[in-house]
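The structure appears right after this line, and notes come after that.
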Amino acid sequence: MPKFNRVLWEQGQKVEDNIKPKIDKFLDCEFIRDDENIYDVIDFHDDTKKVAVEIKGRNIKSTRWDTTIITCGKITEGLMKMEMGYQVYYFFVFQDKTLYLKLDPNNCNYNMKMTGTNNIPHYLIPVNSLSEFREVIK
């Protein structure tokens, strides 16, 4: 089992905490995180409105690669949440912009490869299939 990387985890927490209030407004939700389980597959959820959100920080510009990666388990967990009536979103916070994907069980046949920090299965999400996140001003 790979060693837990606290520095990388803390960087991810910072990205999540910075964008969360904007996503709360965008999706009209009050997302919570289960702080007791740092290994949660999906970062935030609003159980009243049945919406779940995963946030992935990227240390590159959105134009660097044609695809961005996400572990296969995060998509699988999202599909299981959808079976329970949730809407599921994945936000990718790049250096130049934030893009997102609303999971669609009829359109998630992504290519997969072994890659990433721990060389585990990841889906390759085409960057051009993502929507640009625009902050809601209220």
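- One hydrophobic cluster, built from ILVMFWY side chains closer than 4.5 Å, holds both Leu101 and Trp65.
- Ion pairing between a basic and an acidic side chain is recognised when a charged N comes within 4.0 Å of a carboxylate O; Lys20 and Asp24 show such pairing.
- The shortest distance between side-chain heavy atoms of Pro121 and Thr71 does not fall below 4.5 Å.
- Residues that satisfy the ring-ring contact (aromatic ring centres under 6.0 Å, His included) test with Tyr89, not counting sequence neighbours, are absent from this structure.
- Side chains of Lys102 and Gln87: a donor-acceptor N/O pair is present below 3.5 angstrom, by distance only.
- The local environment of CG in Asn119 is crowded, with over 12 non-hydrogen atoms from other residues, nucleotides or ligands closer than 6.0 Å.
- Looking at residues two or more places apart in sequence or on another chain, you find no side chain to side chain donor-acceptor pair (under 3.5 Å) involving Thr98.
- When the salt bridge (charged side-chain N to carboxylate O under 4.0 Å, His left out) test is applied to Glu16, the partners found at least two apart in sequence or on another chain are Arg33.
- In this structure, Met84 is a member of the same hydrophobic cluster as Leu103, with clusters built from ILVMFWY side-chain heavy atoms closer than 4.5 Å.
- Here Lys81 pairs with nothing under the salt bridge (charged side-chain N to carboxylate O under 4.0 Å, His left out) rule; sequence neighbours left out.
- Side-chain atoms of His45 never come within 3.5 Å of backbone atoms of Ala52 as a donor-acceptor pair (strictly under, hydrogens ignored).
- Within 6.0 Å of atom CD in Glu30, 12 or fewer heavy atoms from other residues, nucleotides or ligands are found, so the atom counts as exposed in its surroundings.
- Hydrophobic clustering of Ile, Leu, Val, Met, Phe, Trp and Tyr side chains at less than 4.5 Å, counting indirect connections, keeps Met80 apart from Ile70.
- Residues passing the ring-ring contact (aromatic ring centres under 6.0 Å, His included) test with Phe92, sequence neighbours excluded: none.
- Partners of Lys61 under the side chain to side chain donor-acceptor pair (under 3.5 Å) rule, at least two apart in sequence or in another chain, do not exist in this structure.
- Around the CG atom of Asp104, the shell of radius 6.0 Å holds more than 12 heavy atoms that belong to other residues, nucleotides or ligands.
- Cluster annotation: Ile60 and Tyr90 are assigned to the same hydrophobic cluster (Ile/Leu/Val/Met/Phe/Trp/Tyr, side-chain heavy-atom contacts under 4.5 Å, transitive).
- Grouped with Ile69 in one hydrophobic cluster are Leu124, the linkage being side-chain heavy-atom contacts under 4.5 Å among Ile, Leu, Val, Met, Phe, Trp and Tyr residues.
- Residues meeting the side chain to side chain donor-acceptor pair (under 3.5 Å) test with Tyr86, sequence neighbours left out: Asp47.
- The shortest distance between side-chain heavy atoms of Phe133 and Lys22 falls below 4.5 Å.
- With sequence neighbours excluded, no residue forms a salt bridge (charged side-chain N to carboxylate O under 4.0 Å, His left out) with Asp96.
- Scanning for salt bridge (charged side-chain N to carboxylate O under 4.0 Å, His left out) contacts around Glu132 gives Arg134, with sequence neighbours left out.
- The salt bridge (charged side-chain N to carboxylate O under 4.0 Å, His left out) contacts involving residues 109-122 comprise nothing, where partners must be two or more places apart or lie in separate chains.
- Here Pro105 pairs with Leu79, Met82 under the side-chain contact (heavy atoms from CB on, under 4.5 Å) rule; sequence neighbours left out.
- Counting only distance, with no hydrogens or angles, the side chain of Lys49 and the backbone of Asp28 share a donor-acceptor pair below 3.5 Å.
- With hydrogens and angles disregarded, no donor-acceptor distance shorter than 3.5 Å links the side chain of Asp46 to the backbone of Cys29.
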